[in-house]
Amino acid sequence: MNQPPEPKADKSGVRRHNLSLVLRTVHEAGETTRAAVAARVGLTRPAVSSLVEQLLDLGLLVESGKTFSGQAGRPGTVLKPADTGPAGLGVEINVDYVTVRVVDLTGTDRVRRTEHLDNRDATAADVLARAARIAADALDAAAERHLAPAGAGLALPGLVSGGTVRQAPNLGWNEVPAEALFAEALADLRPGTADLPVASDNEANMAALAELWSGELGDLRTFLHLTGEIGVGGAVVVHGELLRGAHGFAGEIGHLVVDAEGPRCRCGSRGCLEQYAGQAALLAAAGATDVPDLARRAGTGEPSALAALADAGRMLGRALSGAVNLLDPEAVVLGGIYPRLMPWLAPAVAGELATRVVSGLWTPDTERLRPASATTDASRGAAALVLHDVLSDPLAYAPR
């Protein structure tokens, strides 16, 4: 039986794809030339020059004025992403703070705002309105730098799907329409953002994306990412993609039970990992006021601080060894409060991994346990998610 011919690719669709290809190539390189782009993407130099000219006209690329002669032929003018125009707005809402970033197409933070607040003392609507106020202030500062948001990314605690926080035990949220509440509050403050696209995800997923896209992982693309805050969030990245599970809730390692007879958790279970390795649990066990105080006490060798960190490390290692046996990642990345505490946490975590991981690949000297990069967090991942949309379809986000 004869099959109907496949539809031919629409010329405008092909050009749209190629504009994305060229913009993404320049973005990944940071600085490059037309000739280098052509060699990288496999298009002719005239075709690349035409695409570059359009991206220059749209204000998405700029010429730096420098020339580069690393290849045969005449030196080429250096291209780089524009540091004005479309930007990503990233908003992280956590139990005790809100952080907002505006990141330009070069991947540079242009505005950052953090307010430390106990969000457990307010309603979900009030917390999201508070986040919108901080975001509006950041966008006002960004506008002075000739940046306009292409979209907003919300990094939220708990189980997130379809724009809704299904459950966030540490905040007491259930079925909160976070995207809608945030968008409405932001539009009230800045009417020009009424049609701004808003996307949301679990904050640990956003932090893992930040590490993947702008961290210091090199070629590593399969890893577990833990974020230590009041709770403990987790994300699984496999071959450069988030492993989401059937309902989008994969990675909730903070509620993995490490002691069935342990203390009651806000989720309703007992002995969850965050009851031992979360920020509140760590500080209480050590008698410390905050994480810097805990690090200071540990640095001076205070027994209660060292014991609390060793106990937390053992519980982290116990939970992680099960996850490593199940998922076989290349590395485990610890973010949030953990990088600051790695000197005292890591030995106990590594010891548990070495003992419990059946493959034998996780010996203490393999460096598979590593701290998250200093520049990556959930707010950066949320902003980067917006920028990836711009890079995927530049015509949809080009300045009008």
Side-chain angles (χ1 to χ4, degrees), residues 87-104 107-122 124 126-145 147 149 151-158 165 168 170-171 173 178 181-182 185-186 189-190 193 198 200-211 213-215 225 227-233 278-280 282-283 288-295 334-341 371-387:
L89 172 66
V91 180
E92 178 185 0
I93 296 173
N94 222 303
V95 175
D96 55 349
Y97 65 87
V98 173
T99 292
V100 174
R101 291 179 191 258
V102 179
V103 180
D104 67 24
T108 302
D109 281 359
R110 302 298 298 280
V111 182
R112 188 176 187 274
R113 302 280 189 272
T114 295
E115 287 194 14
H116 293 278
L117 310 153
D118 191 340
N119 290 320
R120 292 167 291 196
D121 293 340
D126 286 343
V127 172
L128 288 156
R130 186 182 291 162
R133 174 183 56 77
I134 300 168
D137 176 68
L139 291 178
D140 288 343
E144 295 176 359
R145 297 162 172 79
L147 291 163
L154 298 183
L156 302 164
V165 179
N170 288 318
L171 285 174
W173 291 9
L181 290 171
F182 175 82
L186 184 62
L189 294 165
R190 298 183 97 250
T193 62
V198 178
S200 61
D201 205 339
N202 171 266
E203 53 87 20
N205 284 344
M206 292 291 202
L209 289 177
E211 193 67 32
W213 290 335
S214 59
H225 190 287
T227 305
E229 301 290 353
I230 297 295
V232 179
Q279 177 178 302
L282 260 171
L283 296 181
T289 56
D290 54 24
V291 173
D293 181 46
L294 175 57
L334 300 182
I337 66 170
Y338 294 143
R340 180 86 178 260
L341 303 173
S373 306
T375 57
T376 61
D377 65 12
S379 64
R380 170 167 275 277
L385 197 64
V386 175
L387 296 178

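By convention here, the first residue in the shown sequence is residue 1.
- Minimum interatomic distance between Gly233 and Ala204 (heavy atoms only, all atoms of both residues): C-CB, 3.7 Å.
- A pairwise comparison of heavy atoms in Ala383 and Val103 identifies CB-CG2, 3.7 Å as the closest pair.
- Looking at every heavy atom in both residues, Met206 comes nearest to Ser200 through CE-C, 4.2 Å.
- Here CZ of Arg190 is found 10.0 Å from CG of Asp137. Values are rounded to the nearest 0.5 Å.
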- Which is it for Leu89 and Thr193 under the side-chain contact (heavy atoms from CB on, under 4.5 Å) test, yes or no, and what are the steps along the way? CA-CA 12 Å; Leu89 172 66; Thr193 62; over 6 Å; no
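- To the nearest 0.5 Å, atoms CG (Asp290) and CD (Gln279) are separated by 8.5 Å.
- The two residues Ala152 and Phe182 have their closest heavy-atom pair at CB-CE2, 4.2 Å.
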- Steps toward side-chain contact (heavy atoms from CB on, under 4.5 Å) verdict (Leu387, Trp213): CA-CA 11 Å; Leu387 296 178; Trp213 290 335; over 6 Å; no
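- Judged purely by atom type and a 3.5 angstrom limit, Arg380 has no side-chain atom pairing as donor or acceptor with the backbone of Gly90.
- Listed for the Glu203 side chain is no donor-acceptor partner under 3.5 Å among the backbone atoms of Ile93.
- Note: Asn119 CG to Asp96 CG = 8.0 Å, rounded to the nearest 0.5 Å.
- Ala372 approaches Pro339 most closely through the heavy-atom pair N-CG, 4.0 Å.
- Residue Leu283 holds its CG atom at 7.0 Å from CD1 of Ile337, rounded to the nearest 0.5 Å.
- Ion pairing between a basic and an acidic side chain is recognised when a charged N comes within 4.0 Å of a carboxylate O; Asp104 and Arg145 show no such pairing.
- Side chain of Asp118 to main chain of Arg120: a donor-acceptor pair is present (N/O by atom type, distance under 3.5 Å, no hydrogens or angles).
- Using a 4.5 Å cut-off on side-chain heavy atoms (C-beta onward), Val102 and Pro149 make no contact.
- Pro157 is listed as a side-chain neighbour of Leu171, based on a closest heavy-atom distance under 4.5 Å.
- Put simply, the residue from His116, Glu229, Glu115 that forms a side-chain hydrogen bond (donor to acceptor under 3.5 Å, both in side chains) with Tyr97 is Glu229.
- Gly231 and Asn170 get closest at one heavy-atom pair: CA-ND2, 3.7 Å.
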- Query: What do the steps show when you test Arg133 against Leu189 for side-chain contact (heavy atoms from CB on, under 4.5 Å), and what is the final call?
  - Reply: CA-CA 7 Å; Arg133 174 183 56 77; Leu189 294 165; 4.2 Å; yes
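- In this structure, Leu117 CG and Ile134 CD1 are separated by 6.0 Å, a value rounded to the nearest 0.5 Å.
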- Message: Quick one, Leu186 with Val198, criterion side-chain contact (heavy atoms from CB on, under 4.5 Å). Give me CA distance, side-chain angles, the key distance, then yes/no.
- Response: CA-CA 11 Å; Leu186 184 62; Val198 178; over 6 Å; no
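- Once rounded to the nearest 0.5 Å, the distance linking CG of Leu156 with CG of Asn205 reads 11.0 Å.
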